[in-house]
Amino acid sequence: MANTSAPKPAFMNNPMVKWIDYRLPIFTFMHHELHEYPTPKNLNYWWNFGSLAGIMLVVMIVSGIVLAMHYTPHVDFAFNSVERIMRDVNSGWLIRYIHMNGGSMFFIAVYIHIFRGLYYGSYKAPREVLWWLGIIILLLMMATAFLGYVLPWGQMSYWGATVITNLFSAFPLIGDPIVTWLWGGFSVDNPTLNRFFSLHYLLPFVIVGVVVLHLVALHTHGSGNPVGIDTKGPQDKIPFHPYYTVKDLFGLGVFFLVFAAIVFFAPNMLGEPDNYIPANPLQTPPHIVPEWYLLPFYAILRSIPSKLIGVLAMFGSIFILFILPWLDTSRVRSARFRPIYRIFFWLFLIDCVVLGWIGANPPEGYFLLIGRLATAWYFLHFLIILPLLGWFERPLPLPTSISEPVLKGGGSVAAAKPMEKA
Amino acid sequence: MAQSAVTHAAGGGHGAEGTRRDFLYIAAGAFGAVGTALALWPFINSMNPSADVLALSSVEVDLTPMQLGQRITVAWRGKPVFIDRRTPEQIARAQADNTADLPDPQTDKARVKKPEWLIMVGVCTHLGCVPLGQKATDPRGDFGGWFCPCHGSHYDTSGRIRKGPAPKNLPIPEYAFLDDNKVRIG
């Protein structure tokens with residue numbers, strides 16, 4: 001199939017490159033997947049966030065490896081070793097602030113990427129497994145972020161770890177032994193910190209593995225596009241390089257501008273001041289909150305009065321995404337042609353923001369009531385509204401090709417061109 | 001001859017119930033799976049509390065300096081243990097509430113060895129925060145016992161859960177009075 005495409009770049013004729021490529025076709029592979037990879041020509045900037053998330057993963061791994069060279073995973077030294085990184089290690093403050101805020105930037109990119117998928121129906125056939133792999137990445141990211149937040153051994157680290165590990169005690173019979181096993185003792189303590197460090201180092205590489213599978217699944221059927229109809233032939237596509245490499249790099253520049261602004265001017269904006277107090281197992285801070293990216297799930301947990309059902313609802317709020325491709329019964333992918341779904345999409349987005357705001361506030365009075373309504377709406381959206389919309393909504397007429405909305409009648413131009421199929 | 005008999009038997013076994021080869025395949029696979037699971041166990045078990053963690057599991061407390069109505073916190077297994085020298089009013093209130101509507105029913109008698117001394121693990125049974133109420137200035141909730149600020153659980157003067165998301169009463173650790181003024185926890 002590669003034979004029909006454009007000529008290979010000059011460096012591929014270098015004898016050394018040819019010698020290696022004959023034995024390990026790494027250059028052919030890279031050229032095929034990163035250069036000539038045919039991509040729909042109408043992708044907008046919302047399609048940047050996949051590559052942005054990938055780049056943030058690299059930033060996190062690189063900064064994290066360097067931090068691990070200076071960090072001591074022991075309850076007596078962890079807090080001070082982090083402060084030493086901040087004060088004594090050359091550029092330590094910069095690397096730690098990059099790592100600390102990089103986590104938030106990673107989640108921003110991934111959440112926008114997910115909502116892009118929700119708006120344009122990216123989870124629909126034949127991309128369900130691609131979607132599943134994305135949810136697995138999200139779950140791994142949450143686990144990694146939680147484990148990493150424990151490492152500085154501040155008050156929020158300690159009590160966040162206590163609250164989250166105690167979630168598992170909700171399960172009858174097996175709950176308490178599981179929690180003791182997770183802790184390696186009878187409370188969050190040194191064995192817990194040690195294993196959290198070990199796993200925090202491991203999981204990002206597991207994420208890399210799942211990202212590779214995510215990309216294999218992506219390249220099997222190719223990217224979706226804002227119009228949501230399948231590409232009809234080569235005339236609907238352009239090579240990934242230089243068109244999308246340049247578009248992604250421009251987006252990266254803007255994204256890094258925001259990232260740098262936070263790192264240099266407001267590095268503690270997204271953190272909790274309590275985490276600069278060393279962990280004290282005998283004193284709970286008056287108000288425990290997780291990092292912002294976990295707040296909506298925390299709000300769901302707290303809005304349900306039963307401990308076990310609260311825990312199940314919190315996990316369920318993510319696991320429900322696995323069956324989303326079947327809950328959404330509409331055959332039209334893009335919300336552009338689904339006038340009613342579009343309204344519910346925005347309501348759902350607002351609902352998630354409201355849940356995040358509730359998660360940051362104490363569970364009492366109006367906050368509790370609003371939290372309960374928002375939790376109910378979250379599940380209602382997936383379990384009732386999406387299945388019914390597919391039946392009752394009348395979608396707008398779809399264009400005949402992805403060229404049509406761009407070129408106004410480009411379909412005929414495309415038809416005049418001979419198809420270059422092998 | 002034996003060779004051909006085996007071949008014959010294997011060939012003749014084709015049908016709904018499968019062949020000898022299928023049996024060997026499944027048996028070998030099951031054996032391998034069980035062996036792998038057994039080899040995995042030491043790795044899983046290594047994450048359970050180690051001998052040195054288990055060895056640190058008892059603590060002795062001198063109760064002589066405690067006043068009536070005073071509450072103190074001691075660390076046991078890395079967790080806070082509340083020791084409460086209860087006033088007669090608090091004891092009476094706890095006993096009167098034996099018949100109240102309790103989410104986790106337990107009499108006050110079942111929770112103490114001597115009514116004056118209430119000893120329990122000060123970890124909220126919801127998600128593990130330390131409830132407030134040890135200091136005289138702390139909020140003590142609607143029932144005069146303890147109040148967990150994390151998610152709003154109220155405990156009474158016997159440490160029983162009365163209101164809020166926690167499912168259980170504050171747990172009672174193993175303890176023994178060594179003499180009138182000394183207690184060993186754990």
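In what follows, chains carry the letters A, B, and so on, assigned in the order in which the sequence lines appear, proteins first and then strands, with residues in each chain numbered from 1.
Put simply, CH2 on A/Trp181 and CG on B/Asn45 are 10.5 Å apart, with the number rounded to the nearest 0.5 Å. Note that CZ of B/Arg77 and CH2 of A/Trp183 are 11.0 Å apart. Values are rounded to the nearest 0.5 Å.
Side-chain contact between A/Thr162 and B/Leu127 is absent, with no heavy atoms from C-beta onward closer than 4.5 Å.
A pairwise comparison of heavy atoms in A/Gly185 and B/Val53 identifies CA-CG1, 3.9 Å as the closest pair. For B/Gly128 against A/Asn166, the heavy-atom pair with the smallest separation is CA-ND2, 3.2 Å. Across all their heavy atoms, B/Lys79 and A/Phe186 have their closest contact at CE-O, 2.7 Å. Minimum heavy-atom separation, B/His126 to A/Ser169: O-OG, 4.4 Å. The two atoms that bring B/Cys150 and A/Thr284 nearest to each other are SG-CG2, 3.6 Å, heavy atoms only. Between A/Pro281 and B/Val130 the shortest heavy-atom distance is O-CG2, 4.0 Å.
Heavy atoms of A/Phe168 lying under 4.5 Å from chain B are absent altogether. Heavy atoms of B/Leu132 lying under 4.5 Å from chain A are absent altogether. Heavy-atom distances place no part of A/Ile309 under 4.5 Å from chain B, backbone and side chain included. At a 4.5 Å heavy-atom cutoff, A/Ser306 makes no contact with chain B through either its backbone or its side chain.
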